[in-house]
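Before any comments, here is the structure.
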Amino acid sequence: MQQNNRLTTWLFIAILAGIGLGLLQPQVALRFEIGGEVFLRLLKMLVVPLVMASVMTGIIGLGDVRRLGRPGIVAVVYYLCTTLMAVIVGIVLVEWIEPGSGGLPNPSVPEAVPAKGMVGEEADIGTILRNMVLMLVTDNLIAAMAETQLLPLIVFSILFAGTLTLLGERVRLVRDFIVQVNEALLTFIMGVMKLAPLGIFCLVAARFGEAQSQGAFLQTLHQTGRYMITVLLGLGVHSALTLALILWLATRRRPWRFLTAMSPALLTAFSTASSSATLPVTMECAVDRARVRREAVEFVIPLGATINMDGTALYEAVAAIFIAQVLGVELSLMQEITVALTATLAAIGAAGIPEAGLVTMVIVLNAVGLPVEYIGILLSVDWLLDRFRTAVNVWGDSVGSAVVERVIAAQPDSRKAS
Ligand code: ASP
């Protein structure tokens, strides 16, 4: 436990030192970019093999793919409900604080944001749902791996491992191989984590240095201050109240303890702004530090990293209503409900990469007829808010794994974690 806390302390120091250096000596801080990039690549390199090996190991551990049914349903219900709750918290706060009323001191920023992936200018709900179904399957497994498209890889892994469980002794070697690869990857991650304080220091220093060297960083913060406070307050309420309460009620785990155990993952999420890149650390922390059963971690966290994004959903709802307020547009109740639903969908569709939420926000704005160009007014601070919402996304996945663990434990003849 003491060793655990030591890592968290070092990570905190690394982040604070990175912010300090970035703001005080931006040119020096920028030189650390290479160190951050190396650390990021080490993490990202592990994501595809880890997701595939861990999801397959999870199914092999269950012994039969049909046993995924109940935990799978609970996981999806958990993802949807918590995302919706996050959105509601965001909407209540943005309507209460009204950060956009009175416009912006300097609203001349709008510039087009490229719409890519599943998002197009014409995005309507039907097209979005159709694209979401298509996102589940790939016609080229290797391409999906090369592009880190995790959803089709998860679907393939479930089906492939399901097949392995049907073939019994004939494929014992393949099963053992997969389980051992997974074991080795988790140990590998523990090694990479030793570099984390250094890598995180470099990442944070370089990013804050970049913002500072572009000038007017603090002034921008001041201009968009009330909007940022609204998002941060929402993220805080959702993490510390909603998710903590769900964790306590569903699992009787103490939220503070669980948070401490998961802290390296949350701090890595803050530093990388990517839930996919953080995935190896999240899994390692959940298994080794929070002691969540592997069967739960192995499929809830990879799936959650791709589709469960409470922080992103909350931010998308707040940002859309903020834009309406800046423009002086009054949204009807129906439109607010549309914002809530589309923000949930947009968050599910967002990839776990930096600032993905900014792109999928086109869906929300289109749905209520707000001008997409106004995403431009959020750009200057998005990189910073992204870090906080990514940490909340990872926190949501972690709590989800503990909740689903309870369901797996309650299944008849559930096996002990290996
Ligand atoms: N960066 C976020 C994540 O990786 C997604 C987003 O909100 O932009 O979870």
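Whatever order the structure lists ligands and atoms in, that order sets their numbers, starting from 1. Heavy atoms only: backbone and side chains are in, while hydrogens, waters and symmetry mates are out. What you are looking at is a predicted structure, and each value in this text was computed from that prediction instead of being measured. For the single chain, residues carry numbers from 1 onward in sequence order.
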Side chains of [X] and [Y] only: does a donor on one sit below 3.5 Å from an acceptor on the other?
{"X": "Thr360", "Y": "Glu316", "value": "yes"}
{"X": "Ser275", "Y": "Thr390", "value": "no"}
{"X": "Asp397", "Y": "Thr282", "value": "no"}

Proximity of Arg389 to ligand 1 by residue part, where a heavy atom lies under 4.0 Å: side chain
What part of Ile353 sits under 4.0 Å from ligand 1 if we count only heavy atoms: the side chain, the backbone, both or neither?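 Answer for Ile353: backbone.
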Could you tell me the residue and atom name of the protein heavy atom closest to atom 8 (O) of ligand 1, and the distance to it rounded to 0.1 Å? Gly357 N, 2.7 Å
For atom 2 (C) of ligand 1, what is the closest protein heavy atom, and at what distance to 0.1 Å? Thr390 OG1, 3.3 Å
If the cut-off is 4.0 Å to any non-hydrogen atom of [X], which atoms of ligand 1 fall inside it?
{"X": "Ala273", "result": "1 (N), 4 (O)"}
{"X": "Glu355", "result": "1 (N), 8 (O)"}
{"X": "Ser274", "result": "4 (O)"}
{"X": "Asp386", "result": "1 (N), 2 (C), 6 (C), 7 (O), 8 (O)"}
{"X": "Thr312", "result": "5 (C), 6 (C), 7 (O)"}
{"X": "Ala356", "result": "6 (C), 8 (O)"}

Within-cut-off N or O pair, [X] and ligand 1, under 3.5 Å:
{"X": "Ser275", "value": "yes"}
{"X": "Gly352", "value": "yes"}
{"X": "Ala351", "value": "no"}

Knowing that exactly one of Thr312, Asp310, Asn308, Thr83 qualifies, which makes a side chain to side chain donor-acceptor pair (under 3.5 Å) with Asn393?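 That would be Thr312.
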Could you go step by step and tell me if Asp386 and Arg207 meet the salt bridge (charged side-chain N to carboxylate O under 4.0 Å, His left out) rule? CA-CA 12 Å; Asp386 191 12; Arg207 192 57 189 87; over 6 Å; no
Working for salt bridge (charged side-chain N to carboxylate O under 4.0 Å, His left out), residues Glu405 and Arg291: CA-CA 10 Å; Glu405 176 190 46; Arg291 306 249 166 249; over 6 Å; no
Do Phe258 and Trp248 have ring centres separated by under 6.0 Å? no
Ring centres under 6.0 angstrom apart (Trp383, Phe208): yes
Among Thr9, Thr268, Leu7, Thr8, the one residue meeting side chain to side chain contact (heavy atoms under 4.5 Å, CB included) with Ser263: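 Passing option: Thr8.
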